[in-house]
2 protein chains.
Amino acid sequence: MNFFNTVGKMAIGSRLRMLTDRITEDAAEIYKLYKIDMQPKWFPVFYALSQGEEKTITGIANEIGHSHPSVSKIISEMSKKGLVIEKKGNADGRRNMVRLSEKGVEFNLKIQDQYKDVENAIEEISAQATNDLWKAIEEWEFLLEQKTLLRRVKEQQKQRESRSVKIVDYKPQYAKAFKALNEEWISSYFKMEEADYKALDDPEGYILKNGGHILVALYEDEPLGVCAILKIQNGDFDYELAKMAVSPKAQGKNIGWLLGLAALDKARSLGASKVYLESNTILKPAINLYHKLGFKKIAGYPSPYERSNIQMAVDLNLQ
Amino acid sequence: MNFFNTVGKMAIGSRLRMLTDRITEDAAEIYKLYKIDMQPKWFPVFYALSQGEEKTITGIANEIGHSHPSVSKIISEMSKKGLVIEKKGNADGRRNMVRLSEKGVEFNLKIQDQYKDVENAIEEISAQATNDLWKAIEEWEFLLEQKTLLRRVKEQQKQRESRSVKIVDYKPQYAKAFKALNEEWISSYFKMEEADYKALDDPEGYILKNGGHILVALYEDEPLGVCAILKIQNGDFDYELAKMAVSPKAQGKNIGWLLGLAALDKARSLGASKVYLESNTILKPAINLYHKLGFKKIAGYPSPYERSNIQMAVDLNLQ
DNA sequence: ATTAAATACGTAATTAGTTACACAATATTA
DNA sequence: TAATATTGTGTAACTAATTACGTATTTAAT
């Protein structure tokens with residue numbers, strides 16, 4: 001199928017399906033070949049019962065990895081052909097206890113040769129191939145168990161999007177975004193305070209002129225995240241990280257992380273060694289991010305903000 | 001799934017199906033993730049049209065390896081969503097010429113990022129696996145193209161059955177089978193002749209006492225094939241291969257071949273170097289078998305049988 | 001002893017494909 | 001040129017699975 005070579009690996013699902021179809025198609029013919037009146041789809045159920053034990057519908061379903069309605073249907077078909085015997089559970093009246101009938105046991109004997117031949121035929125193919133399909137499937141099952149394809153794709157998406165995020169210095173054109181993004185989260189969790197208005201309404205006068213800096217995260221030229229470092233005049237720290245805000249619609253693009261890194265880089269380039277911040281513990285993702293950036297909880301500093309209930313700091317020289 | 005480890009490779013069909021299901025399940029989620037209103041099953045069709053060309057239903061079907069009704073259905077669904085435009089063929093009124101609409105082209109641009117992410121996610125899995133699923137599938141496709149699973153299983157069956165065929169020396173208890181098996185084929189193609197009755201009614205007197213031998217093929221202790229070598233008193237040959245008969249119900253078990261080999265072995269062990277036989281060209285499988293055994297067509301020898309129209313011989317020393 | 005929750009199962013509806021069939025348009029052949 | 005074969009398509013019926021849901025029974029909790 002030339003198509004698959006042009007499409008690439010993302011068509012692996014379709015390709016797998018076609019191989020599967022091809023094999024199951026032949027399987028039906030193979031049963032005919034051995035003159036055993038059994039449908040290929042019965043096989044896993046039949047096999048699960050072949051040791052002679054009594055099993056329940058859901059028991060079989062779990063064992064072979066089908067849904068229980070599928071097993072239920074197959075059992076009723078096999079029952080009609082007289083291959084299995086159903087019996088209502090003795091101790092538990094909900095259960096449908098199923099086992100091979102005498103005819104079923106007979107079938108099981110007859111079918112052994114077929115098993116051997118099919119097994120050998122598949123071994124023959126395996127021997128001719130240099131890549132082991134069986135092992136490859138096993139590995140894929142394992143890897144998908146550990147992390148689903150969906151999660152892997154999500155991670156790729158995040159990575160790609162974070163690559164196309166640009167962190168730039170503040171310009172007057174970003175004034176609106178700087179205020180809006182901050183106002184959005186502050187007013188949804190707390191309420192805007194005096195100090196907020198001062199900084200957000202006049203960032204140039206309040207932050208930049210006092211030796212602070214503002215960074216803006218652009219995604220496709222749209223400002224979706226902001227963050228500031230404020231020069232601290234006197235005390236144990238050089239800068240305060242503040243006014244970090246990321247648009248909810250940009251979640252999962254790593255923007256917070258990128259802004260945080262850029263802010264610390266900026267502080268470092270300005271000769272800072274200790275950076276301070278204030279936050280609130282109900283903002284769990286934010287606290288988490290600060291941890292990842294290297295901030296540690298400290299205590300005993302006064303804050304102009306009501307909402308502040310945690311203080312953190314990082315020593316850039318120890319990073 | 002522990003089940004598959006106990007069942008062995010013959011469950012490869014079921015196992016493939018489960019992996020396929022798992023991947024296509026995630027595929028649906030992935031489309032949602034990118035907020036593209038497209039069903040995964042549309043993908044191959046969409047992709048086939050993505051270069052902008054106009055294509056026919058069957059054209060697409062052949063390209064992507066689906067049946068045409070499947071494509072027909074998908075196209076009508078995509079049409080409803082405004083992704084493609086259908087147009088009755090201009091030159092050929094049967095054709096339904098399909099191409100992406102403007103909206104479809106737009107989708108195609110939007111979906112490129114998704115393609116990249118999925119491709120990368122799959123590459124990531126591949127990189128973590130030591131067995132290459134993609135290549136393994138490719139190899140299986142190729143090997144099944146060359147010889148289907150069905151044919152391979154048939155060959156295994158034949159081999160296994162021929163292994164359980166035993167060739168033994170004649171005993172009086174096989175007299176009936178010796179006559180019946182020969183009478184069956186002779187009278188269905190020709191008619192029984194004087195010489196036939198003599199040999200079949202009294203094999204001991206007519207064949208064994210004159211230095212000949214009879215071999216019997218047993219399958220599950222049932223005589224399903226016979227064959228004789230007759231001592232030739234004077235002339236260019238030592239033995240004549242004759243009265244070879246295999247039950248029709250034992251076809252495909254290699255019995256003819258095994259009997260032929262055993263007969264020549266017997267002749268060789270008796271010091272013979274040249275073996276002769278007579279047959280009729282309408283018995284194509286038989287002639288074929290004789291060829292495989294090393295017999296070559298010769299001419300100019302008289303035969304007591306009306307039905308004989310070909311003579312063959314083999315020189316055991318040249319084998 | 002009730003009540004609520006969980007379990008086992010079957011039925012119905014859905015899904016993504018298939019094959020079978022019918023019909024029209026075109027191509028081939030006598 | 002008429003008859004026949006082939007091709008392109010759509011519709012219908014089938015297949016082998018699924019999810020959704022209802023019912024009966026058992027187990028756990030109050």
Side-chain angles (χ1 to χ4, degrees), chain A residues 1 11 13-29 31 38-46 54-80 84 86-98, chain B residues 1 11 13-29 31 38-46 54-80 84 86-98:
Chain A
M1 192 57 45
S14 306
R15 195 167 197 176
L16 269 169
R17 192 185 48 71
M18 299 190 90
L19 182 57
T20 308
D21 286 353
R22 201 161 180 178
I23 289 175
T24 42
E25 215 170 87
D26 267 22
E29 289 299 313
Y31 278 95
M38 196 162 112
Q39 291 183 45
K41 66 167 169 169
W42 296 352
F43 167 68
V45 174
F46 186 83
E54 239 183 11
K55 294 184 177 173
T56 64
I57 299 287
T58 20
I60 298 170
N62 287 334
E63 190 178 337
I64 70 176
H66 277 206
S67 66
H68 81 82
S70 165
V71 174
S72 173
K73 227 177 187 175
I74 288 171
I75 287 294
S76 78
E77 286 173 24
M78 289 172 75
S79 203
K80 229 177 256 165
V84 295
E86 299 175 78
K87 202 183 75 192
K88 205 178 159 178
N90 223 333
D92 184 338
R94 294 164 301 178
R95 284 183 151 100
N96 182 356
M97 307 302 299
V98 184
Chain B
M1 194 55 47
S14 307
R15 195 166 198 176
L16 269 171
R17 192 185 49 69
M18 299 189 91
L19 182 57
T20 308
D21 286 353
R22 200 162 182 176
I23 290 176
T24 43
E25 215 171 88
D26 268 22
E29 291 298 314
Y31 278 96
M38 194 160 112
Q39 291 184 45
K41 66 168 169 169
W42 296 352
F43 167 68
V45 173
F46 185 82
E54 239 183 12
K55 293 185 177 172
T56 64
I57 299 286
T58 20
I60 297 170
N62 287 335
E63 191 178 336
I64 69 176
H66 278 206
S67 65
H68 81 83
S70 165
V71 174
S72 172
K73 230 176 184 172
I74 288 171
I75 286 294
S76 78
E77 287 173 26
M78 290 173 73
S79 203
K80 230 177 256 167
V84 296
E86 299 177 78
K87 203 183 75 191
K88 207 177 158 179
N90 223 332
D92 185 337
R94 292 165 301 179
R95 286 182 149 101
N96 181 357
M97 307 301 301
V98 184

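Every value quoted in this text rests on a predicted model; they were computed, and no experiment measured them. Below, chain A is the first sequence line, B the second, and so on; all start at residue 1.
- Between the P atom of C/dT15 and the CG atom of A/Asp21 lies a distance of 19 Å, rounded to the nearest Å.
- A close approach under 4.0 Å does occur between a side-chain nitrogen or oxygen of B/Ser67 and OP1 or OP2 of C/dT18.
- In this structure, B/Trp42 and B/His68 both approach DNA chain C, and ranking their closest nucleotides by distance from the 5' end singles out B/Trp42.
- Residues B/Val84 and B/Ile75 approach most closely at CG2-O, 3.9 Å, considering heavy atoms.
- Within the 4.0 angstrom heavy-atom criterion, no nucleotide atom of any strand lies near A/Ser76.
- At a threshold of 4.0 Å, the pair B/Asp21-B/Arg17 counts as salt-bridged, since one of the basic side-chain nitrogens sits closer than that to a carboxylate oxygen.
- For A/Glu77 and C/dT11, the CD to C1' distance is 14 Å, given to the nearest whole Å.
- Using a 4.0 Å heavy-atom cutoff across all strands shown, A/Gln39 reaches sugar-phosphate atoms only and no base atom.
- When side chains are defined from C-beta on, A/Val98 does not count as touching A/Glu54, because their heavy atoms never get closer than 4.5 Å.
- When heavy atoms are screened at a 4.0 angstrom cut-off, A/Ala91 is found touching the sugar-phosphate backbone but no base atom.
- One atom, CZ of B/Arg95, and another, P of C/dA27, lie 9 Å apart when rounded to the nearest Å.
- One can place CE of B/Met97 at 17 Å from P of C/dA25, the figure rounded to the nearest angstrom.
- Closest to the A/Pro69 side chain, of the nucleotides C/dT18, D/dA17, D/dA20, is D/dA20.
- Comparing D/dT25, D/dA17, C/dA20 against the side chain of A/Lys88 picks out D/dT25 as the nearest.
- The distance between atom CD of B/Glu29 and atom P of D/dT19, rounded to the nearest whole Å, is 12 Å.
- Closest approach of B/Thr56 and B/Arg95 over heavy atoms only: CG2-NE, 3.4 Å.
- What separates CG of A/Asn90 from P of C/dA8 is a distance of 17 Å, to the nearest Å.
- Annotation: of the two residues near DNA chain C, B/Asp92 and A/Gly59, the 5′-most nearest-nucleotide partner is A/Gly59.
- The shortest distance between the side-chain N/O atoms of A/Asn96 and the OP1/OP2 oxygens of C/dG10 is below 4.0 Å.
- Separating the CD atom in A/Glu86 from the CG atom in A/Asn96 is a distance of 4.5 Å, to the nearest 0.5 Å.
- A/Thr58 comes within 4.0 angstrom of sugar-phosphate atoms only, judged by non-hydrogen atoms across all strands, and of no base.
- Going from atom CZ of B/Arg17 over to atom P of C/dT15 covers 18 Å, rounded to whole Å.
- Across all strands, A/Ala28 comes closer than 4.0 Å to no nucleic acid atom at all (heavy-atom distances).
- No N or O donor and acceptor, one from the side chain of B/Arg94 and one from the base of D/dT9, sit under 3.5 Å apart.
- Judged by distance alone, with hydrogens and angles left aside, B/His66 brings no side-chain donor or acceptor close enough to the base of C/dG17 to form a pair under 3.5 Å.
- As a whole-Å value, the separation of A/Met18 CE from C/dG17 C1' is 11 Å.
- Side-chain nitrogen and oxygen atoms of B/Ser72 include at least one within less than 4.0 Å of the OP1 or OP2 phosphate oxygen of D/dG10.
- Side-chain atoms of A/Thr24 come within 3.5 Å of backbone N or O of A/Thr20 as a donor-acceptor pair.
- B/Thr56 comes within 4.0 angstrom of the backbone, heavy atoms only, and of no base.
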